[in-house]
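What follows is a short report on a single structure.
No experiment lies behind these values; they were computed from the predicted model shown. Per chain, numbering begins at 1; letters A, B, ... match sequence-line order.
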There are 2 protein chains.
Amino acid sequence: MWQAMPDPSPASLQDHLGYWLRMVSNAVSHGFARQVEQEGVTVAEWVVLRVLFDATHLAPSVVAERMGMTRGAISRLADRLVDKKLVDRATDTADRRGQTLALTPAARALVPRLAALADGNDAEFFAVLTPAERMEFDRMCRKIAAARGLTGAPTA
Amino acid sequence: MWQAMPDPSPASLQDHLGYWLRMVSNAVSHGFARQVEQEGVTVAEWVVLRVLFDATHLAPSVVAERMGMTRGAISRLADRLVDKKLVDRATDTADRRGQTLALTPAARALVPRLAALADGNDAEFFAVLTPAERMEFDRMCRKIAAARGLTGAPTA
DNA sequence: TGGATTTAATTTCCTAGTCAACCAATATGT
DNA sequence: ACATATTGGTTGACTAGGAAATTAAATCCA
């Protein structure tokens, strides 16, 4: 089928796996962004809300670590979410440098709606895959994430 | 194994496939960004170079379409690449609104080095997958991309 | 031919990140 | 106990990209 070729040019762009991954990921995020903006939040804001949903309250630094963003970004993100009355910010009672972020009741009600949008968006984009493929895809994503310590859970 | 649960809370964040995809994609891009910055280019710049590599010259609008970015972004990206002496910009002879972007010889020499970095980065991140899994992952990415018209080739 | 429309690219304005400098509060070490 | 280092968070300067307005050229068509 294939003959050895002298001095091959670099693999076609399509052969860089990272390239396709970025294309697909960007498209999925983009699609999701369009969906959630109807609810008045950005993708990054959604992730913060979703992270906080599973905890009563969390330090900004922890949120930053789980999201893979800088503290500065979380600081501003928290500003916006406080403005939108979706997050309450309080100073930690024990260590007064510390802050703690928590969802407002409004946010707690909003998260399930956003989660449904996320699921719908996923369903739309991954519809071309068979159910078995979807499971495989998911499994491999997690496998890579786990290997790189991108667990979304505290590293310690 | 599983019992039906009344009023389940939204699927854990880990269950959103798009979430993991974004995590992995961001990590891969980030890793690659660190690698290519040694060569003095950004990831976006690399993609432009790589797209141009397979063509003698291309209109900015075509590059934008293939990369999934706006024309404005490509305009600025081209500015930077021209500054770096990696891209030549010329006005289309036939239609004087049109521009055409082409790699300089320096860029043409650089691209294979960058491609090697990309391949190395991919290898590093996807090392946890078996070769068979890597092929599957690649195939599924392309399948999704194709279904969404993210072919990297002209749509028409 | 000459005015309206379309098209290619650029530019302006805005948002959202990073990085690094910074401020405050807490630990540490002698 | 007190100066120093460390830690948690914020802020300022900067970069990259998107959306929409803008400019210039080409096409349409009466």
Minimum-distance nucleotide (side-chain atoms of A/A59 versus C/dA25, D/dG9, C/dA16): D/dG9
B/E37 CD to C/dT18 C1', straight-line distance once rounded to whole Å: 12 Å
Euclidean distance, atom CG of residue A/D83 to atom C1' of C/dT15 [Å, nearest integer]: 14 Å
Length of the line joining B/L81:CG and D/dT15:P, which is rounded to integer Å: 16 Å
Spacing between B/E45 atom CD and D/dT15 atom P, to the nearest angstrom: 13 Å
Check: A/R89 and A/D79 side chains under 4.5 Å, non-hydrogen atoms: yes
Any B/S61 side-chain nitrogen or oxygen under 4.0 Å from OP1 or OP2 of C/dA8: no
Pairwise 5' ranking along DNA chain D for B/A44 and A/S75, keeping only the more 5' one: A/S75
Distance in angstrom units between A/R97 CZ and D/dG8 P, rounded: 6 Å
Separation of D/dG12 P from A/D79 CG (nearest whole Å): 12 Å
Minimum-distance nucleotide (side-chain atoms of A/L77 versus D/dG9, C/dG17, C/dT6): C/dG17
Pair of N/O donor and acceptor under 3.5 Å linking C/dT12 base with B/R76 side chain: yes
Given D/dG18, D/dG9, C/dA9, the nucleotide with the shortest approach to the side chain of A/P60: D/dG9
Shortest non-hydrogen separation from B/A118 to A/H16 and the atoms involved: CB-ND1, 3.8 Å
Electrostatic pair B/D138-B/R142, nearest N-O below 4.0 angstrom: yes
Interatomic distance where CG belongs to B/D95 and P belongs to D/dT27 [whole Å]: 6 Å
Under-4.0 Å salt bridge between A/K143 and A/E136: no
Between P of D/dG8 and CG of A/L101, the distance in whole Å: 14 Å
Shortest side-chain distance from A/Q99, nucleotide among D/dA25, D/dT7, D/dT10: D/dT10
A/R96 vs A/R80, nearer the 5' end of DNA chain C by closest nucleotide: A/R80
Side-chain heavy atoms of A/R50 within contact of A/M67, under 4.5 Å: no
Candidates C/dT18, D/dT10, D/dG18 - which lies nearest the side chain of B/M69: D/dG18
First encountered from the 5' end of DNA chain C, between B/G98 and A/R71: B/G98
